[in-house]
A.B. asks: 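Sending over a structure as structure tokens; questions will come in a sec.
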Amino acid sequence: MGNDFYDSRRPGTGVNYIPDAPREGQKEWRTAEDRKRVQFTDTCELLYLGKHFRGDGGIFLHPYGEKGNRDRIPYITLNLLAKCSRVYADLLASDVSVDAQDEMAKAVLDKVEFGLPLWEAILMASISGFVGLQPVEMANGWSWMMVDSRNLYLEWDKATKKLAKVRKCVVFEGVQVSLQSKIDMLYEETHTAGLIETRLYWIDGEKIVEELPLDSYQVVDPEAFLVERIETGLPGLAISILVNDSVAGHIQSDYTASAIGLQEALNARVTRNERILTIHSDPKLVAPRTALKKDPETGELLWASFNSEILFVDQAEGIQPYNYLTWDGQITAAENSKRMLKSELLAELDVAPQFLGDTELVGGTTADTASKLRQMLHSTIKRATRKRGFLDIALRGLIGNILTLSGMPDAEFSIDYGEFIEMSREEILAEVLQRKQNKLIDTVSALEWLDNLSHEDAVDVTAAINAEEQNAVGSMFPPTRYNLGQEQPNGL
């Protein structure tokens, strides 16, 4: 079953199949709503990458590295959306570890990497709203891969409100099926509980022209051999869905309309401020020579107008520099507006400015303990906790599928996500001493917590402490510890 599940291969035999001409009455392979979602995800990814530019004609998309109008300036100047997505990816994926009691299950899970791939999956879920986690059989065991949301189409059961079907679609453009013919090929996997069905289609844009034989895929990969119907043996879907957030049952990206609007307004404000400061940093006056006249006594050039006296400087009062009458006030107001927009955007995403190192918004507030810091970062921690709930559902589904495909469907495992904000050793020690004094914690648990010991090591250390205390009973002198190499007194 394992080899057939993901991507069995055999030597290719070539393809001589040439599809017929398009026919009338073709159906679409995705709905208008699906297309709109994919287009929105494309825009959100460009926002994350900072590939938004602003020109005289307004705001438009323009990738870096391409030649364009020299007057175009980068539109993304404070890409807070991207920074906030990375904050949540860092919080959720930094300390994830998976363990199992069964040795065989542990050996399988030890080969699965969760660090960087999981960080990327959480980041993409923040941008697009959801991604898929699919098991992959490798040469040395099972692993997994992220499936982009733009290749996934979800169908829900109306009665149970649960995910009933997932279609994974990949388009291959301009496939050379013969020396004379190129077509766009659609690869489709339909995932239902315990079953994967594979189809190939010849498509023309959004329309399906006709279904192709599965061996047509060998044009894309000559060694691939697709199976039309695979019974996976899984109790549910083979693809686990990692959801970023859900509001009223609807999957939601962090890039909401309001968040994008605030980012646009902030970028417009910063871009305008920078343009004005650049233009007016060295203001110049351009006028025809006939507008000026030369003072024969001083040699100064003066306005040849009736009110030219406004350009004279009274030497008795000292030289006064010329400036804009409202310049300072306008700059202050523009900076306050920028600060307000930054605060609104961070509040929309529940990200505390401390995570971004924004000293302008943080001000002088500090925290000397982890508990006080958690209070300051309350909204961010709460949102990250909610996201962790969705992550836990997806990971448990993925790991359960991997263990089932490895022949251990009943193997138990645990996932440790770590703490968002770690307590310092001094804080842990104070907490342990207080609990110990109130008889709320035993010595073994205290050692496990304080020194990060395993249970067995903590039991051994506790036994050694108890033995030392018993040996000290009845002795005039308490037991004394000496450092290695220190000379010990006689008799001890």
A.B. asks: Using the benzene-type ring in the case of Trp, are the ring centres of Tyr217 and Tyr187 under 6.0 Å apart?
C.D. replies: yes
A.B. asks: Applying side chain to side chain contact (heavy atoms under 4.5 Å, CB included), name anything that partners Gln39, two or more places apart in sequence or on another chain.
C.D. replies: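 If we apply the side chain to side chain contact (heavy atoms under 4.5 Å, CB included) test to Gln39, skipping adjacent residues, there are no hits.
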A.B. asks: Does the side chain of Glu45 come within less than 4.5 Å of Tyr255's, by heavy atoms?
C.D. replies: no
A.B. asks: Taking only Lys NZ, Arg NE, NH1 and NH2, and the carboxylate oxygens of Asp or Glu, determine whether Asp392 and Arg388 approach each other closer than 4.0 Å.
C.D. replies: no
A.B. asks: Would you name the heavy atoms of Leu242 and Ala394 that are closest together and state the gap between them?
C.D. replies: CA-CB, 3.7 Å
A.B. asks: Under a 4.5 Å cut-off applied to non-hydrogen side-chain atoms, are Leu91 and Thr380 in contact?
C.D. replies: yes
A.B. asks: One pair to check against side chain to side chain contact (heavy atoms under 4.5 Å, CB included): Leu163 and Trp156. What are the steps and the verdict?
C.D. replies: CA-CA 4 Å; Leu163 192 61; Trp156 305 87; 3.8 Å; yes
A.B. asks: Rounded to the nearest 0.5 Å, what separates atom OH in Tyr417 from atom OG1 in Thr385?
C.D. replies: 12.0 Å
A.B. asks: Identify, with sequence neighbours excluded, every residue that meets salt bridge (Lys or Arg N to Asp or Glu O under 4.0 Å) alongside Asp90.
C.D. replies: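 By the salt bridge (Lys or Arg N to Asp or Glu O under 4.0 Å) rule, Asp90 matches no residue at all.
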A.B. asks: Find the distance between CD1 (Ile127) and OG1 (Thr43) and round it off to the nearest 0.5 Å.
C.D. replies: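 Spacing of CD1 (Ile127) from OG1 (Thr43) equals 12.0 Å.
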A.B. asks: Please enumerate all residues that pass side chain to side chain contact (heavy atoms under 4.5 Å, CB included) together with Ser246, with sequence neighbours excluded.
C.D. replies: Phe390
A.B. asks: With a 4.5 Å limit on heavy-atom distance, are the side chains of Leu152 and Ile241 in contact?
C.D. replies: yes
A.B. asks: Looking at CG of Leu237 and OG1 of Thr190, how far apart are the two atoms once the value is rounded to the nearest 0.5 Å?
C.D. replies: 11.0 Å
A.B. asks: Which atom names give the shortest non-hydrogen contact between Pro135 and Asn401, and what distance separates them?
C.D. replies: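 Heavy atoms of Pro135 and Asn401 come nearest at CG-CB, 4.0 Å.
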A.B. asks: If the condition is side chain to side chain contact (heavy atoms under 4.5 Å, CB included), which residues does Ser97 pass it with, not counting sequence neighbours?
C.D. replies: Asp416
A.B. asks: Provide the closest heavy-atom pair for Ser85 versus Leu123 in the form atom of the first, atom of the second, distance.
C.D. replies: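 Looks like CB-CD1, 3.6 Å.
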A.B. asks: Tell me every residue that passes side chain to side chain contact (heavy atoms under 4.5 Å, CB included) with Lys387, counting only those two or more places apart in sequence or in another chain.
C.D. replies: Tyr88, Leu92, Asn244, Asp254, Arg383
A.B. asks: For a 4.5 angstrom cut-off between non-hydrogen side-chain atoms, does Val243 reach Ile393?
C.D. replies: no
A.B. asks: Quick check: closest heavy atoms across Trp202 and Leu212, and the distance to 0.1 Å?
C.D. replies: N-CG, 3.6 Å
A.B. asks: Taking atom CE of Met124 and atom CD of Glu120, what is their separation to the nearest 0.5 Å?
C.D. replies: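 If we round to the nearest 0.5 Å, Met124:CE and Glu120:CD are 10.0 Å apart.
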A.B. asks: Does some side-chain heavy atom of Ser216 sit less than 4.5 Å from a side-chain heavy atom of Val177?
C.D. replies: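 Contact flag for Val177/Ser216 side chains = no.
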A.B. asks: Could you report the tightest heavy-atom contact between Ile399 and Leu109, atom names first, then the distance?
C.D. replies: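 That closest heavy-atom pairing would be CG2-CD2, 3.7 Å.
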A.B. asks: With the threshold set at 4.0 Å, does a side-chain nitrogen-carboxylate oxygen contact exist between Asp350 and Lys382?
C.D. replies: no
A.B. asks: Quick one: pull up CD1 in Ile402 and OG in Ser240 and give me the separation to the nearest 0.5 Å.
C.D. replies: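 So the gap between those two atoms works out to 8.5 Å.
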A.B. asks: Test of understanding: with side chain to side chain donor-acceptor pair (under 3.5 Å), list the residues that count as partners of Tyr153, not counting sequence neighbours.
C.D. replies: Arg30
A.B. asks: Answer yes or no: is there a side-chain heavy-atom contact under 4.5 Å between Thr256 and Leu349?
C.D. replies: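 Side-chain contact under 4.5 Å: no.
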A.B. asks: Please determine whether the number of non-hydrogen atoms from other residues, nucleotides or ligands lying under 6.0 Å from atom NZ of Lys165 exceeds 12.
C.D. replies: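 Incorrect, the count does not exceed 12.
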A.B. asks: Any side-chain heavy atom of Gln134 within less than 4.5 Å of one from His191?
C.D. replies: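 Yes. Closest side-chain heavy atoms under 4.5 Å.
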A.B. asks: Going through the checks in order, is the side chain to side chain contact (heavy atoms under 4.5 Å, CB included) test met by Glu206 and Trp29?
C.D. replies: CA-CA 6 Å; Glu206 299 296 331; Trp29 62 274; 3.8 Å; yes
A.B. asks: Would you name the heavy atoms of Val131 and Ala125 that are closest together and state the gap between them?
C.D. replies: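 That would be CG1-N, 3.9 Å.
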A.B. asks: Carefully, step by step, assess Gln263 and Asn79 under the rule side chain to side chain contact (heavy atoms under 4.5 Å, CB included).
C.D. replies: CA-CA 7 Å; Gln263 177 74 75; Asn79 198 350; 3.8 Å; yes
A.B. asks: Would you call Leu154 and Phe130 a side-chain contact if the rule is heavy atoms closer than 4.5 Å?
C.D. replies: yes
A.B. asks: How many angstroms lie between atom CG of Leu345 and atom NZ of Lys83, to the nearest 0.5 angstrom?
C.D. replies: 11.0 Å
